[in-house]
Amino acid sequence: AVSVVEISRDGKIAKTWLGDAFRKDLRLDWFCGFEFLPNGHLVVANRLGHGAQGKGPHLVEVDADNKLVWSWDDHVAAKQITHFLMLDDK
């Protein structure tokens, strides 16, 4: 369901990032990797498989309020992105 879900210790959903409401608008297909940033944002790798190659962003970042910060796609440089590592300038 193109979402990242935080589960509390009691097994309940505490928070959901992205999700089906974003699937069509952002052209999300299948999440492979994700990383939480120190500022509370989330970056996900949107794997473009199952016939979706070339039809959506490779990476998407949302803030703590689940609002799009940026997305990246370059279908010449990369066919699919499945995992990534965010580096800081420190």
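Please read these numbers as outputs of a predicted model, since none were measured by experiment.
If you chain together hydrophobic residues whose side chains sit under 4.5 Å apart, F22 and V60 fall into the same group. Hydrophobic clustering places F36 together with F31 (ILVMFWY residues linked when any side-chain heavy atoms are closer than 4.5 Å, directly or through intermediates). L18 and L68 fall within a single hydrophobic cluster, where Ile, Leu, Val, Met, Phe, Trp and Tyr are joined by side-chain heavy atoms under 4.5 Å apart, directly or via other members. Hydrophobic cluster membership is shared by L42 and V2, with clusters built from Ile, Leu, Val, Met, Phe, Trp and Tyr side chains linked at under 4.5 angstrom. Hydrophobic clustering, with ILVMFWY side chains joined whenever heavy atoms are under 4.5 angstrom apart, keeps I81 apart from L48.
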| message | Determine whether V44 and W17 satisfy the following criterion, side chain to side chain contact (heavy atoms under 4.5 Å, CB included), listing intermediate values before the conclusion. | response | CA-CA 10 Å; V44 297; W17 288 268; over 6 Å; no

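In this structure, the side chain of D10 engages the main chain of K12 through a donor-acceptor pair within 3.5 Å. Judged by distance alone, with hydrogens and angles left aside, the side-chain atoms of K15 form a donor-acceptor pair with the main-chain N or O of A64 at under 3.5 Å. Checking side-chain atoms of E35 against main-chain N and O of M86 turns up a donor-acceptor pair under 3.5 Å. Using a distance-only test at 3.5 Å, with no hydrogens or angles considered, no donor-acceptor pair links the side chain of D73 to the main chain of H58.
Annotation: the span from S3 atom OG to I13 atom CD1 amounts to 8.0 Å, rounded to 0.5 Å. To the nearest 0.5 Å, atom CG of residue N46 and atom CZ of residue R23 are 9.0 Å apart. Note: H75 NE2 to Q80 CD = 11.0 Å, rounded to the nearest 0.5 Å. The structure places CG of D65 at 8.5 Å from NE2 of H41, a figure rounded to the nearest 0.5 Å.
What you find for L26 and P57 is that their closest heavy atoms are O-CD, 3.0 Å. Listed here is the closest heavy atom pair of G33 and H83: CA-CD2, 4.1 Å. W72 approaches A78 most closely through the heavy-atom pair CH2-CB, 4.3 Å.
When the options V43, D63, V69 are evaluated for a side-chain contact (heavy atoms from CB on, under 4.5 Å) with L37, the one that passes is V43.
The number of heavy atoms from other shown groups lying within 6.0 Å of CZ (F34) does not exceed 12.
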